[in-house]
Amino acid sequence: MKIAVFVSGRGSNLQAIINSDELRNLIEIKAVISDKTDCPAFKIARSHSIPTYSIGSPRSGNSPKQDKETGISFSELSTLLIQFNVELIVLAGFLKLIPDYIINQYKFRIINIHPALLPSFGGKGMYGLSVHKAVFDSSAKVSGPTVHFVDETFDTGKIIAQKCVDISDVSSPEEIAERVLKLEHEILPFVIKKFAEGKITIEGKRVVVL
Ligand code: GRF
């Protein structure tokens with residue numbers, strides 16, 4: 001299965017996908033896309049000879065010239081994804097909203113990893129440490145990553161898989177982030193594998209992982 005991974009920074013989830021023994025013969029990463037002009041995740045991609053692309057413009061309003069100066073536009077990206085025969089888009093830290101036409105083009109074939117248990121602690125502005133801070137401040141006793149389908153708004157698509165970790169004894173948001181990240185690196189490759197095997201189906205309102 002050919003996939004594209006959308007990142008923004010560190011790239012530890014990208015690394016987990018690349019490192020996964022179970023995925024090695026199942027997937028091929030055709031491109032890594034970021035909303036930044038450069039980021040550590042790009043270095044990881046390049047060291048594995050995976051092409052990298054930056055999204056250089058907002059969804060509308062910028063001239064094509066500006067797109068060229070700073071990266072590719074979403075419409076150029078959409079063409080690229082088709083040329084590469086990408087079958088699954090994996091968002092791992094990507095911060096821009098995906099335009100509707102790409103969502104429609106990839107209906108139920110775009111997944112995102114969120115570092116908290118949705119539908120709580122999601123939505124606009126809920127990324128990075130602010131998620132873990134909100135979880136910490138709420139005094140929640142469990143947290144964990146959610147992998148979900150991407151729809152037109154932030155963090156509202158149907159949930160595919162989640163994992164829980166006890167956080168009753170933590171003393172900082174950073175400690176929650178560390179525990180959750182460990183689980184992210186397990187759950188994301190797991191879901192991608194299930195996808196590649198055709199073991200994710202939608203039955204009525206529920207996503208079933210076989
Ligand atoms: C992860 O915590 C992921 O859940 C969130 O953004 C972060 C990306 O981390 N959506 P990394 O770049 O994969 O290390």
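Ligands are counted one by one from 1 in listed order, and the atoms in each one are counted from 1 as well.
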statement: In ligand 1, the atoms that come under 4.0 Å of a heavy atom of Glu184 are 1 (C), 2 (O), 3 (C), 4 (O)
- request: Within a distance under 4.0 Å of any heavy atom of Asn13, pick out the atoms of ligand 1 and give their elements.
  value: 1 (C), 9 (O), 11 (P), 13 (O), 14 (O)
For [X], look at atom [atom1] and say whether over 12 heavy atoms of other residues, nucleotides or ligands are found less than 6.0 Å away.
X: Lys133; atom1: NZ; answer: no
X: Glu22; atom1: CD; answer: no
X: Glu175; atom1: CD; answer: yes

For [atom], what is the closest protein heavy atom, and at what distance to 0.1 Å?
atom: atom 12 (O) of ligand 1; answer: Gly11 N, 2.7 Å
atom: atom 6 (O) of ligand 1; answer: Gly93 CA, 3.3 Å
atom: atom 9 (O) of ligand 1; answer: Arg10 NH2, 3.1 Å
atom: atom 10 (N) of ligand 1; answer: Ile113 O, 2.8 Å

message: Tell me whether Leu181 has any N or O atom under 3.5 angstrom from an N or O of ligand 1.
response: no
message: Would Gly9 count as a polar contact of ligand 1, with the cut-off being nitrogen or oxygen pairs under 3.5 Å?
response: no
- request: Using non-hydrogen atoms of the residue, decide whether Val7 is closer than 4.0 angstrom to ligand 1.
  value: no
- request: Check whether any heavy atom of Pro145 sits under 4.0 Å from an atom of ligand 1.
  value: no
Residue pair Phe154, Asn112: steps toward the side-chain contact (heavy atoms from CB on, under 4.5 Å) verdict: CA-CA 10 Å; Phe154 285 116; Asn112 178 48; over 6 Å; no
message: As a test of understanding, state which of His114, Gln162, Lys163, Glu184 forms a side chain to side chain donor-acceptor pair (under 3.5 Å) with Thr146.
response: Gln162
